[in-house]
Amino acid sequence: MTFMNTQKSKKIFVVEDNRMYASMIENHLSQYPDCEINLFYNGEDCLLAFDQNPDVVLLDFHLNVDDDTAKTGFDYLKIIKEKNPEQAVVMLSSMEDVKQVVDLLKIGAYDYVLKDDMAFDNLDKVMNNLNGVLSIRNEVKSLQTTVKKQNRRFAWTLFGIVVLVALSFRFIH
């Protein structure tokens, strides 16, 4: 179990309307000491808390099955990806439907975990892979920031050189 063995705590949003299953996920993820887990029993509450910038969203595909007019996990995935295209979202579902999985991946889900007897083992594998991706993504952002700073310094240095050259030509002539 190597998931989340980094310095920074990872914020995980679990969106699952089945309270018992949500509690099982929370209990499973609590074995990782550097995870902050937030449970949401519906997508709306998750969206309201989105300003907390979760690292990962675990999203149940079959939210609100009892209400035909309510949004599903598929709908919330679209909304989340519109808010933040880079947001890592792992879909959870008890249905083994290849077309459904492909559709979710096309929209931007990072992965899909089937809620079966291997769900938590598979969730660990997905989260370990995702941890590597998030680590690389953070490193790229850090490098981009460094490059921007270096480019600004270079631009100011170049500007200073141009000014000095212009002044020296002025004094020579």
Side-chain angles (χ1 to χ4, degrees), residues 1-67 70-142:
M1 304 238 197
T2 59
F3 173 61
M4 304 294 169
N5 285 343
T6 60
Q7 309 86 343
K8 180 184 174 269
S9 177
K10 299 287 191 261
K11 185 177 301 236
I12 301 174
F13 282 10
V14 178
V15 186
E16 170 64 65
D17 58 349
N18 179 323
R19 290 176 185 262
M20 183 187 294
Y21 201 77
S23 178
M24 290 169 57
I25 294 171
E26 179 182 38
N27 185 48
H28 179 75
L29 293 176
S30 68
Q31 69 186 317
Y32 303 110
D34 48 354
C35 287
E36 177 186 330
I37 303 150
N38 296 281
L39 293 182
F40 301 96
Y41 302 113
N42 62 65
E44 290 303 319
D45 289 345
C46 173
L47 292 178
L48 290 173
F50 226 73
D51 61 340
Q52 295 177 27
N53 298 318
D55 295 291
V56 180
V57 177
L58 301 179
L59 179 60
D60 181 24
F61 180 81
H62 292 288
L63 289 173
N64 308 312
V65 249
D66 298 332
D67 182 357
K71 290 181 178 85
T72 65
F74 188 85
D75 299 320
Y76 285 111
L77 173 62
K78 288 186 211 175
I79 294 167
I80 289 169
K81 293 310 251 182
E82 285 171 10
K83 283 182 170 287
N84 179 4
E86 297 297 313
Q87 179 62 58
V89 179
V90 177
M91 298 301 295
L92 308 170
S93 179
S94 56
M95 289 190 54
E96 203 169 353
D97 180 352
V98 174
K99 183 185 178 326
Q100 175 180 294
V101 173
V102 169
D103 289 343
L104 293 168
L105 295 175
K106 281 181 182 176
I107 290 174
Y110 175 77
D111 212 331
Y112 181 94
V113 174
L114 186 62
K115 292 182 194 176
D116 61 7
D117 55 341
M118 294 297 296
F120 293 113
D121 290 335
N122 291 331
L123 182 59
D124 286 341
K125 290 175 189 171
V126 168
M127 296 301 271
N128 277 315
N129 291 338
L130 185 54
N131 189 49
V133 169
L134 293 174
S135 177
I136 290 169
R137 191 180 288 170
N138 289 336
E139 190 172 328
V140 167
K141 284 180 183 176
S142 174

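The chain is numbered in sequence order, starting from 1.
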Worksheet entry | Criterion side chain to side chain contact (heavy atoms under 4.5 Å, CB included) on F13 and Q52, from CA distance to verdict | CA-CA 10 Å; F13 282 10; Q52 295 177 27; 4.0 Å; yes
For [X] versus [Y], what's the shortest heavy-atom pair and its separation?
X: S93; Y: Q100; value: OG-NE2, 3.3 Å
X: L114; Y: M95; value: CD1-O, 3.4 Å
X: L105; Y: Y110; value: CD2-O, 4.0 Å
X: Y41; Y: L39; value: OH-CD1, 3.7 Å
X: L59; Y: L77; value: CD2-N, 3.7 Å
X: I12; Y: M127; value: CD1-CE, 3.6 Å

At what distance, to the nearest 0.5 angstrom, does [atom1] of [X] lie from [atom2] of [Y]?
X: L92; Y: I25; atom1: CG; atom2: CD1; value: 5.0 Å
X: L123; Y: M118; atom1: CG; atom2: CE; value: 12.0 Å
X: F74; Y: I79; atom1: CZ; atom2: CD1; value: 11.5 Å
X: E44; Y: L63; atom1: CD; atom2: CG; value: 10.5 Å
X: E26; Y: Y21; atom1: CD; atom2: OH; value: 14.0 Å

Practice prompt. Apply the test side chain to side chain contact (heavy atoms under 4.5 Å, CB included) to residues I107 and V89: give CA-CA distance (whole Å), side-chain angles for both, the deciding distance (0.1 Å), then the verdict.
Written response: CA-CA 10 Å; I107 290 174; V89 179; over 6 Å; no
Discussion item. Among residues at least two apart in sequence or on other chains, which ones pass ring pair (Phe, Tyr, Trp, His ring centres under 6.0 Å) with Y76?
Written reply: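 Checked Y76 against ring pair (Phe, Tyr, Trp, His ring centres under 6.0 Å); zero matches.
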Discussion item. With salt bridge (charged side-chain N to carboxylate O under 4.0 Å, His left out) as the rule and sequence neighbours excluded, what pairs involving residues 111-123 come up?
Written reply: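 Of all non-adjacent pairs touching residues 111-123, those that pass salt bridge (charged side-chain N to carboxylate O under 4.0 Å, His left out) are E16-K115, D60-K115.
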Worksheet entry | Geometric class of the F120/H28 ring pair [parallel <30°, tilted 30-60°, perpendicular >60°] | tilted
Discussion item. With side chain to side chain contact (heavy atoms under 4.5 Å, CB included) as the criterion, how do K11 and N53 come out once you've worked through the C-alpha distance, each side chain's angles and the decisive distance to 0.1 Å?
Written reply: CA-CA 8 Å; K11 185 177 301 236; N53 298 318; over 6 Å; no
Worksheet entry | Test side chain to side chain contact (heavy atoms under 4.5 Å, CB included) applied to K106 - qualifying residues, sequence neighbours left out | V102
Check whether any side-chain N or O of [X] sits under 3.5 Å from a backbone N or O of [Y] as a donor-acceptor pair, and report yes or no.
X: Q87; Y: P54; value: yes
X: N122; Y: A119; value: no
X: N128; Y: D124; value: yes

Worksheet entry | K71 atom NZ: more than 12 heavy-atom contacts under 6.0 Å | no
Item to complete: Report yes if some heavy atom in the side chain of L48 is under 4.5 Å from a heavy atom in the side chain of F40; otherwise report no.
Response: no
